[in-house]
Enquirer: 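First the structure, which I've put down as structure tokens, then a few questions once you've had a look.
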Amino acid sequence: MEIRPSRYDHPDAVTLDALVQQEYARRYGDDGDITPLTPEMFTPPHGAYLIAYDGARPLATGGWRRQEDTAEGYEVGDAEIKRMFVLPEARGRGLARRILAALEADARAAGRSRMVLETGTKQPEALELYASSGYALAEKKFGLYRTYEDSRCMAKSLVERD
């Protein structure tokens with residue numbers, strides 16, 4: 001298994017993004033995540049996008065992007081996780097956890113102080129992954145889905161506390 005940086009508009013990223021959108025639609029009964037995203041949001045130093053490969057086959061993705069829009073509930077220094085996804089047949093092998101750790105390390109190296117994400121109640125395995133990785137429900141909800149009842153906003157500090 002190899003995790004490689006990629007552009008968000010790379011063909012493998014586009015394919016996996018379409019699959020995660022189908023997953024969101026299946027679970028939530030809508031058109032998927034309508035958060036506007038562009039490749040530039042995931043370009044260093046503003047973010048990063050990763051794809052996990054088994055040989056030439058893409059199996060999982062995840063990215064982070066710089067977020068500081070306090071009007072949407074973010075804090076200065078935030079890095080927001082987007083598009084975490086593992087193909088169903090590749091789940092249970094630790095890929096999401098490896099991508100998450102790589103994203104955290106990259107965001108920390110880019111000077112970000114807090115990693116944040118939004119997921120939903122219909123994604124219990126995501127909630128478990130993040131909780132077991134040190135994420136807690138955020139005191140203040142953020143992002144496009146912050147007013148939705150089934151939205152769960154989570155955060156983890158990327159800086160050492162004394």
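Not measured: the values here are computed from a predicted model.
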Enquirer: Can you sort out the partners of Glu2 under side-chain hydrogen bond (donor to acceptor under 3.5 Å, both in side chains), two or more places apart, ordered by chain and number?
Expert: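 Once residues adjacent in sequence are excluded, the partners of Glu2 under the side-chain hydrogen bond (donor to acceptor under 3.5 Å, both in side chains) criterion are Arg4.
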Enquirer: Decide yes or no on side-chain contact (heavy atoms from CB on, under 4.5 Å) for Glu125 and Arg91, but give the supporting numbers first.
Expert: CA-CA 10 Å; Glu125 63 286 317; Arg91 292 177 184 164; 5.9 Å; no
Enquirer: Which atom names give the shortest non-hydrogen contact between Ala96 and Leu129, and what distance separates them?
Expert: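 Reported closest heavy-atom pair: CB-CD2, 3.8 Å.
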Enquirer: Between Tyr28 and Asp150, is there a side-chain donor-acceptor contact under 3.5 Å, judged purely by atom types and distance?
Expert: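 There is no such pair between these side chains.
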Enquirer: Is a side-chain N or O of Arg108 found less than 3.5 angstrom from the main chain of Leu158, in a donor-acceptor match?
Expert: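 Flag set: sc Arg108 to bb Leu158 pair under 3.5 Å.
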Enquirer: Can you measure from CG (Asp33) to OG1 (Thr119) and round to the nearest 0.5 angstrom?
Expert: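 Going from the CG atom of Asp33 to the OG1 atom of Thr119 covers 10.0 Å.
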Enquirer: If you round to the nearest 0.5 Å, how far is CZ of Arg152 from CG of Leu137?
Expert: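 So the CG of Leu137 and the CZ of Arg152 are separated by 7.0 Å.
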Enquirer: Quick check for you: to the nearest 0.5 Å, what is the distance between Leu16 atom CG and Gln21 atom CD?
Expert: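 If I round to the nearest 0.5 Å, the distance is 12.0 Å.
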Enquirer: Identify the heavy atoms of Ala71 and Arg146 that sit nearest to each other, and give their distance.
Expert: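 Nearest pair, atom of Ala71 first, then Arg146: O-NH2, 4.0 Å.
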Enquirer: About how many Å separate OG1 of Thr147 and CD of Glu149, when rounded to the nearest 0.5 Å?
Expert: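 If we round to the nearest 0.5 Å, Glu149:CD and Thr147:OG1 are 11.0 Å apart.
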Enquirer: For Tyr145, does its backbone N or O pair with a side-chain atom of Ser151 as donor and acceptor, under 3.5 Å?
Expert: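 A pair under 3.5 Å: yes.
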Enquirer: Please name the pair of heavy atoms, one in Gly62 and one in Met84, separated by the smallest distance, quoted to 0.1 Å.
Expert: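 Smallest interatomic distance, heavy atoms only, reads CA-SD, 3.8 Å.
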Enquirer: Using side chain to side chain contact (heavy atoms under 4.5 Å, CB included) as the criterion, point out the one residue from Asp12, Ile3, Leu59 that pairs with Tyr53.
Expert: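 Of the listed residues Asp12, Ile3, Leu59, the side chain to side chain contact (heavy atoms under 4.5 Å, CB included) partner of Tyr53 is Asp12.
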Enquirer: Where is the tightest heavy-atom contact between Gly73 and Lys140, given as atom of each residue plus distance?
Expert: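 Smallest interatomic distance, heavy atoms only, reads CA-CE, 3.9 Å.
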Enquirer: Assigning hydrophobic clusters by single linkage (Ile, Leu, Val, Met, Phe, Trp, Tyr; side-chain heavy-atom cutoff under 4.5 Å), is Leu117 placed with Val20?
Expert: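 Cluster IDs for Leu117 and Val20 differ.
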Enquirer: Ala60 and Val86: which non-hydrogen atoms are nearest, and at how many Å?
Expert: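 Reported closest heavy-atom pair: CB-CG2, 3.7 Å.
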Enquirer: Is Tyr24 linked to Leu19 within one hydrophobic cluster, defined over Ile, Leu, Val, Met, Phe, Trp and Tyr using a side-chain heavy-atom separation of less than 4.5 Å?
Expert: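 Tyr24 clusters together with Leu19.
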Enquirer: Using the rule given for side-chain contact (heavy atoms from CB on, under 4.5 Å), can you reason through Leu87 versus Arg57, listing the C-alpha separation, both sets of side-chain angles and the distance that settles it, and then say yes or no?
Expert: CA-CA 11 Å; Leu87 290 174; Arg57 184 168 182 237; 3.7 Å; yes
Enquirer: Could you tell me the separation between the CD1 atom of Ile99 and the CZ atom of Phe85, rounded to the nearest 0.5 Å?
Expert: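 Those atoms lie 11.0 Å apart.
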Enquirer: Could you check Glu68, Glu75, Glu104 and say which one makes a salt bridge (charged side-chain N to carboxylate O under 4.0 Å, His left out) with Arg112?
Expert: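 Considering Glu68, Glu75, Glu104, a salt bridge (charged side-chain N to carboxylate O under 4.0 Å, His left out) with Arg112 is found only for Glu68.
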Enquirer: With a 3.5 Å distance limit and no angle check, can you tell me whether Lys141 reaches the backbone of Tyr148 through a side-chain donor-acceptor pair?
Expert: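 It does hold such a pair.
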Enquirer: Supply the atom-to-atom distance Glu128 CD to Tyr135 OH, rounded to the nearest 0.5 angstrom.
Expert: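 Here the rounded value is 14.5 Å.
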Enquirer: If we ignore hydrogens and angles and just use 3.5 Å, is the side chain of Lys82 paired with the main-chain N or O of Arg65 as donor and acceptor?
Expert: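 Checked: no pair found.
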Enquirer: Ignoring hydrogens, what is the shortest heavy-atom contact between Phe142 and Met154? Give both atom names and the distance.
Expert: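 For Phe142 versus Met154, the nearest heavy atoms are CZ-O, 3.5 Å.
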Enquirer: Please list, one pair per line, the donor and acceptor atoms closer than 3.5 Å that link side chains of residues 36-49 to other protein atoms, with sequence neighbours excluded.
Expert:
from  : atom 1 : to    : atom 2 : distance (Å)
Thr38 : OG1    : Glu40 : OE1    : 3.4
Thr43 : OG1    : Pro39 : O      : 3.1
Tyr49 : OH     : Thr61 : OG1    : 3.4

Enquirer: Is a salt bridge present between Glu139 and Arg114, judged by a nitrogen-to-oxygen distance below 4.0 Å?
Expert: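 Answer for the salt bridge query: no.
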